[in-house]
Amino acid sequence: MTPLTRRFYSRSTLVVARALLGKVLYHRVGGRLLSGRIVEVEAYTDDAASHARWSRRTPRNAVMFGPAGHAYVYFTYGMHHCVNIVTESNGRPGAVLLRGLDCLRAGAPARDGSGPGRLCRALGITLSQNGLDLTTGETLWIADGRRARRERIVQTTRIGIRVAEKLRWRFYLLGSDGVSRRDRSAEAPQREMAPTCRIAGTTRSASAGGRRR
DNA sequence: CACACGATGCGCT
DNA sequence: GCGCATCGTGTGG
């Protein structure tokens, strides 16, 4: 229940992204405490797919440039909210998108926490939480959770973007129910392709379809 | 001011 | 796999 410190968030986005897996997100709202275990995240910095691309500051993405440990919430497709955790040092844009939660509440369907939009709906996160400081433990915060030492982290590409699509900046906990989209090939123990496997015709054209949305 | 479009999710084929 | 709801935001005139 003790909020993670500013120091935890003030690191490189990729490091924080991985470190957030297994942690627990809390939101105190309407006299209730909602929570869920973080099982899927994506990193965004100033890359081409980021709201802070080319380090361009706008009213919407301003929080990404501010101090780490704050919530960056945005509204998209006219109906969904997505929540990010701001990283890096002040002035450098960076945030971790939360895409999957486990165990929102006993008996809740697993899919309620699966996907950035449903996740926000399940925890009651909207634009009014944008900019909140997560280190105070008042309304919205993240605390340590149980993370089994054996639990494997899968690293793969981010979802739903059309540029910088080769960056493997999505991380999830293998076997968790809240993961929105699995990547079987990334889950395979052997990740690196041996040179002999690159002979034409012997490789499956990985993710040939489904890249466009 | 006008307009194109999206870090999604859902229902249907 | 495909279409689409629905509106805040960024961009350009």
Side-chain angles (χ1 to χ4, degrees), chain A residues 9 12-14 16-18 20-21 25 36 38-66 68 70-88 92-102 104 108-132 134 140 142 154-173 176-184 186 204-213:
Chain A
Y9 298 111
S12 90
T13 308
L14 287 175
V16 177
R18 294 182 68 111
L20 280 174
L21 293 175
L25 174 67
I38 299 169
V39 297
E40 181 184 356
V41 297
E42 281 178 3
Y44 289 87
T45 59
D46 56 358
D47 60 282
S50 172
H51 289 173
R53 52 186 161 278
W54 310 308
S55 291
R56 277 291 286 273
R57 194 174 182 140
T58 68
R60 179 179 65 164
N61 70 20
V63 179
M64 284 185 74
F65 291 79
H70 287 248
Y72 167 47
V73 185
Y74 67 89
F75 182 62
T76 191
Y77 291 103
M79 61 189 88
H80 301 297
H81 295 277
C82 297
V83 62
N84 296 253
I85 312 303
V86 176
T87 58
E88 306 282 347
R92 182 187 302 276
V96 176
L97 172 69
L98 304 186
R99 291 192 55 95
L101 293 183
D102 267 353
L104 296 160
R111 85 171 190 177
D112 283 4
S114 176
R118 283 195 296 243
L119 180 157
C120 279
R121 169 175 280 278
L123 259 76
I125 295 172
T126 67
L127 238 33
S128 57
Q129 275 71 48
N130 188 36
L132 280 185
L134 304 180
L140 186 66
I142 298 173
V154 178
Q155 175 172 186
T156 180
T157 54
R158 298 174 295 183
I159 301 289
I161 56 176
R162 299 167 15 173
V163 293
E165 76 279 1
K166 305 184 90 137
L167 294 177
R168 291 160 55 216
W169 284 6
R170 182 165 72 105
F171 304 90
Y172 65 85
L173 292 178
S176 295
D177 292 327
V179 174
S180 64
R181 187 169 180 272
R182 299 179 59 178
D183 179 344
R184 304 292 179 139
R204 283 197 315 130
S205 54
S207 67
R211 206 175 307 114
R212 310 259 173 245
R213 31 169 276 71

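Chain letters run A, B, ... following the sequence lines, proteins first, then strands; residues in each count from 1.
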Undergrad: List in chain and number order the residues that pass side chain to side chain donor-acceptor pair (under 3.5 Å) with A:Asp183, two or more places apart in sequence or in another chain; answer none if no residue qualifies.
TA: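 So A:Asp183 forms a side chain to side chain donor-acceptor pair (under 3.5 Å) with A:Thr156, A:Ser185.
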Undergrad: Taking atom C1' of B:dC10 as reference, at what distance in whole Å does atom CZ of A:Arg111 sit?
TA: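 Taking CZ of A:Arg111 and C1' of B:dC10, I get 8 Å after rounding.
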Undergrad: Using atom C1' of each nucleotide, how far apart are B:dC5 and C:dG3 to the nearest Å?
TA: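 It comes out at 16 Å once rounded to the nearest Å.
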Undergrad: Please report, rounded to the nearest Å, how far the P atom of B:dA7 is from the CG atom of A:Leu167.
TA: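 Going from CG in A:Leu167 over to P in B:dA7 covers 15 Å.
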Undergrad: What pair of heavy atoms forms the shortest contact from A:Asn84 to A:Ala95, and how long is it?
TA: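 Scanning both residues, the minimum pair turns out to be CB-CB, 3.7 Å.
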Undergrad: Could you tell me the separation between the CG atom of A:Asn84 and the P atom of B:dT8, rounded to a whole number of Å?
TA: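 These atoms are roughly 11 Å apart.
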Undergrad: Can you list everything that forms a side chain to side chain donor-acceptor pair (under 3.5 Å) with A:Arg111? Sequence neighbours excluded, please.
TA: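 Side chain to side chain donor-acceptor pair (under 3.5 Å) list for A:Arg111, sorted by chain: empty.
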Undergrad: Starting at atom CD of A:Glu165, determine the distance to atom P of B:dG6, rounded to an integer number of angstrom.
TA: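 The distance from CD of A:Glu165 to P of B:dG6 comes to 14 Å, rounded to the nearest Å.
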Undergrad: Please identify each residue that fulfils side chain to side chain contact (heavy atoms under 4.5 Å, CB included) with A:Leu123, with sequence neighbours left out.
TA: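 In terms of side chain to side chain contact (heavy atoms under 4.5 Å, CB included), with neighbours along the sequence ignored, A:Leu123 is linked to A:Leu25, A:His27, A:Leu34, A:Leu101, A:Leu104, A:Ile125.
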Undergrad: Below 3.5 Å is the cut-off: list the nitrogen or oxygen pairs between protein and nucleotides 6-10 of chain C, distance only.
TA:
from	atom 1	to	atom 2	distance (Å)
C:dT6	O2	A:Tyr77	O	2.4
C:dG10	OP1	A:Thr58	OG1	2.2
C:dG10	OP1	A:Arg60	N	3.3

Undergrad: Suppose we screen for side chain to side chain donor-acceptor pair (under 3.5 Å). Which residues come up paired with A:His51, at least two apart in sequence or across chains?
TA: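 Residues passing side chain to side chain donor-acceptor pair (under 3.5 Å) with A:His51: A:Tyr72.
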Undergrad: With A:Ala48, which residues qualify under side chain to side chain contact (heavy atoms under 4.5 Å, CB included), at least two apart?
TA: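 Only A:Val163, A:Ala164 meet the side chain to side chain contact (heavy atoms under 4.5 Å, CB included) criterion with A:Ala48.
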Undergrad: Nearest of B:dA7, B:dT8, B:dC10 to any side-chain atom of A:Tyr74?
TA: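 Of B:dA7, B:dT8, B:dC10, B:dA7 is nearest to the side chain of A:Tyr74.
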Undergrad: According to the salt bridge (Lys or Arg N to Asp or Glu O under 4.0 Å) rule, which pairs have a member within residues 42-64 of chain A, sequence neighbours left out?
TA: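 For residues 42-64 of chain A: A:Glu42-A:Arg99, A:Asp47-A:Arg158.
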Undergrad: Quick one: A:His80 NE2 to B:dA7 P, roughly how many Å, whole number?
TA: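 After rounding, the gap between these two atoms is 12 Å.
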Undergrad: Work out how far the P atom of B:dA2 is from that of C:dT6, and round it to whole angstrom.
TA: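 To the nearest whole Å, 22 Å.
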Undergrad: Report the distance from atom CD of A:Glu40 to atom C1' of B:dG9, rounded to the nearest whole Å.
TA: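 About 14 Å, once rounded to whole Å.
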Undergrad: How would you list, by chain and number, every residue that makes a side chain to side chain contact (heavy atoms under 4.5 Å, CB included) with A:Thr13, sequence neighbours excluded?
TA: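 A:Ala43, A:Thr45, A:Thr87, A:Glu88, A:Val96.
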Undergrad: Are any protein N/O atoms closer than 3.5 Å to N/O atoms in nucleotides 3-5 of chain B? If there are, list each pair with its distance.
TA:
none

Undergrad: Please list all pairs meeting side-chain hydrogen bond (donor to acceptor under 3.5 Å, both in side chains) that have one or both residues in residues 113-126 of chain A, counting only residues at least two apart or in different chains.
TA: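 Checked against side-chain hydrogen bond (donor to acceptor under 3.5 Å, both in side chains) - neighbours excluded - the pairs reaching residues 113-126 of chain A are A:Thr126-A:Ser128, A:Thr126-A:Gln129.
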Undergrad: Got a donor-acceptor contact below 3.5 angstrom from the A:Asp177 side chain to the A:Asp102 backbone?
TA: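 Such a contact is absent between A:Asp177 side chain and A:Asp102 backbone.
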Undergrad: Please list, chain by chain and in numerical order, all residues satisfying side chain to side chain donor-acceptor pair (under 3.5 Å) with A:Tyr74, sequence neighbours excluded.
TA: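 So A:Tyr74 forms no side chain to side chain donor-acceptor pair (under 3.5 Å) with any residue.
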Undergrad: Pull out every stem in DNA chain B, meaning runs of 3 or more consecutive Watson-Crick or G-U wobble pairs with both distances under 3.5 Å.
TA: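 B:1-6 with C:7-12, B:8-12 with C:1-5 - these are the stems of 3 or more pairs that involve DNA chain B.
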Undergrad: To the nearest angstrom, how far is A:Arg118 atom CZ from B:dG11 atom C1'?
TA: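 In whole Å, B:dG11 C1' and A:Arg118 CZ are 13 Å from each other.
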Undergrad: When the distance from CD1 of A:Ile159 to P of B:dT8 is rounded to whole Å, what number comes out?
TA: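 Atom-to-atom, A:Ile159 to B:dT8, this comes out as 8 Å.
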